[in-house]
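Below is one structure, written out as structure tokens, with a few remarks after it.
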Amino acid sequence: MTDELGHSRAGAVTPADPRTAGRAAREGRPGGRARWGRRRRGARGAPPRLAPTSWKLVVWLTVVWVLLWGDLSVGNVVAGLALGLFVTILMPMPRATGRTTVRPLAVVVLVAVFVREVLRASWQIVVLTVRGRPPRGAVIRVQLRSHSDLILTGTGGMCSLVPGSLVVEAMRLSGMLYMHILDVDIAGGLERAHSDVLDQEERLLRAFATDDQLVDAGFRPGWSRRAGRLPSPSVEGPAAEAPSEDGQSAAGQVGPSPTTGGGA
């Protein structure tokens, strides 16, 4: 004698009625076969979902694509949109950690000074090339004041975009940048090249860092450099990191490189 699940009272298992087993599975009781679809969803969860699309990033990638081709056409716009969707959906970028803020006036100063530095450095490289004087290169080490990965990346990227300078290595944990300078004389000396990197970092901080990040880096909150620095002797500044003329500093600044050719 068996019950409706097909189990005998003596413990032996006998074939159960298919209709009874199906009803038991639907009701969640043991002894019946669950449906394959429900069982799969219950065991493995919902199917994987694609990453949400950031339309701002898609538009930005489309603009970059069109600028790279140099032709504003329907085909380039469609191709840029398709490429942007492909990148953002199938290869999403990780979320940036940390808080940021935007100070419009500081952003204007950041862009204006950056454009001026690019034009000035480009003209100096042209003059150096026309004169035919071999450049006197150097590699310097700069300790940044900020602990933000975004500021570290932005400082290194903007310094590398200025002709005559290039980031050789960026140490994320210590916040250290190793910069190659094409010509020390063009840069105004090792101390001036060192301070230029720190000035670039400060402009980025005042444009995008929060007040807490500014204080942590040793600056008074504000969009202008006139706000000054905090009077804290523990904060490392240009004086602590400024290299001497022979290329050495308290932080172990790397001096002029032995090579006199090449460029950054």
Side-chain angles (χ1 to χ4, degrees), residues 56-57 59-61 63-68 70 96 98-129 135 137-172 175-211 213-214 217-229 237-238 241-242 263-264:
K56 294 181 180 179
L57 182 57
V59 172
W60 170 248
L61 292 176
V63 172
V64 173
W65 179 263
V66 173
L67 292 176
L68 289 176
R99 297 178 300 168
T100 58
T101 186
V102 178
R103 299 180 180 88
L105 293 178
V107 173
V108 173
V109 173
L110 173 68
V111 174
V113 175
F114 175 72
V115 172
R116 185 194 66 185
E117 292 297 322
V118 170
L119 295 177
R120 182 177 63 87
S122 300
W123 173 251
Q124 291 174 341
I125 298 298
V126 171
V127 173
L128 178 66
T129 305
V139 176
I140 62 175
R141 183 176 67 178
V142 184
Q143 176 66 59
L144 302 184
R145 283 78 56 94
S146 173
H147 300 89
S148 171
D149 293 342
L150 295 177
I151 299 300
L152 174 68
T153 304
T155 303
M158 298 189 74
C159 289
S160 296
L161 290 175
V162 176
S165 61
L166 180 67
V167 174
V168 178
E169 187 176 2
M171 310 297 292
R172 175 177 176 269
M176 190 82 68
L177 285 180
Y178 288 85
M179 299 286 302
H180 178 266
I181 307 301
L182 174 63
D183 188 78
V184 177
D185 297 332
I186 287 181
L190 294 176
E191 184 176 355
R192 174 65 182 276
H194 186 276
S195 62
D196 286 345
V197 178
L198 294 179
D199 291 343
Q200 180 63 65
E201 178 200 18
E202 182 178 355
R203 288 191 292 268
L204 275 170
L205 283 169
R206 296 200 178 278
F208 300 109
T210 62
D211 291 344
Q213 290 173 338
L214 282 171
F219 298 103
R220 297 182 185 274
W223 68 271
S224 175
R225 297 186 62 188
R226 296 179 180 178
R229 302 196 58 187
E241 294 292 330

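Treat the numbers as computed from the prediction; the structure is a model and nothing was measured. Below, each value reflects all heavy atoms present in this structure, side chains not excepted, and no hydrogens, waters or symmetry copies.
Shown here for Gln143 and Leu198, the closest heavy-atom pair between the two residues is O-CD2, 3.6 Å. Shortest non-hydrogen contact noted between Arg206 and Gly222 is NH1-O, 3.0 Å. When every heavy atom of Asp183 is checked against every heavy atom of Pro135, the shortest pair comes out as OD1-CA, 3.2 Å. Nearest heavy-atom pair across Val184 and Ala138 is CG2-CB, 3.6 Å. Scanning all heavy atoms of the two residues, the minimum distance from Pro163 to Ala121 falls at O-CB, 3.3 Å. Considering every non-hydrogen atom in both Ser165 and Met179, the closest pair reads CB-CE, 4.0 Å.
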Leu150 vs Phe208, test: side-chain contact (heavy atoms from CB on, under 4.5 Å). Steps then yes/no.
CA-CA 10 Å; Leu150 295 177; Phe208 300 109; over 6 Å; no
Under the side-chain contact (heavy atoms from CB on, under 4.5 Å) rule, what do His180 and Glu169 come out as? Steps first, then yes or no, please.
CA-CA 9 Å; His180 178 266; Glu169 187 176 2; over 6 Å; no
Check the pair Leu152, Glu201 against side-chain contact (heavy atoms from CB on, under 4.5 Å), reporting the backbone distance first and the verdict last.
CA-CA 8 Å; Leu152 174 68; Glu201 178 200 18; over 6 Å; no
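Remark: the backbone N or O of Val167 is paired with a side-chain donor or acceptor of Ser160 at under 3.5 angstrom. A donor-acceptor contact shorter than 3.5 Å links the side chain of Gln213 to the backbone of Thr210. A distance-only check finds no donor-acceptor pair linking the side chain of Ser224 to the backbone of Ala227 [under 3.5 Å]. When atom types are taken as modelled, the side chain of Arg225 and the backbone of Arg203 share no donor-acceptor pair closer than 3.5 angstrom.
Considering only heavy atoms from C-beta on, Leu166 stays 4.5 Å or farther from Ile181 through its side chain. Side-chain contact between Ile140 and Leu190 is present, with heavy atoms from C-beta onward closer than 4.5 Å. In this structure, Leu161 and Phe114 have side chains that are in contact, with non-hydrogen atoms separated by less than 4.5 Å. Side chains of Leu110 and Gln200 form a contact here, defined as non-hydrogen atoms less than 4.5 Å apart. Between Leu68 and Val64, some side-chain heavy-atom pair lies under the 4.5 Å cut-off. At a threshold of 4.5 Å between non-hydrogen side-chain atoms, the residues Leu119 and Arg116 do not count as touching. Side-chain contact between Tyr178 and Val142 is absent, with no heavy-atom pair separated by less than 4.5 Å.
To the nearest 0.5 Å, atom CD1 of residue Ile151 and atom CG of residue Leu204 are 5.0 Å apart. From Leu61, atom CG reaches atom NZ of Lys56 across 14.5 Å, with rounding to the nearest 0.5 Å. For the atom pair Arg229 CZ and Leu214 CG, the distance stands at 11.0 Å (nearest 0.5 Å).
Taking 4.0 Å as the cut-off between side-chain N and carboxylate O, Arg220 and Asp211 do not count as a salt-bridged pair. Note on Arg192 versus Asp196: salt bridge recorded, some NZ/NE/NH1/NH2 to OD/OE distance being below 4.0 Å.
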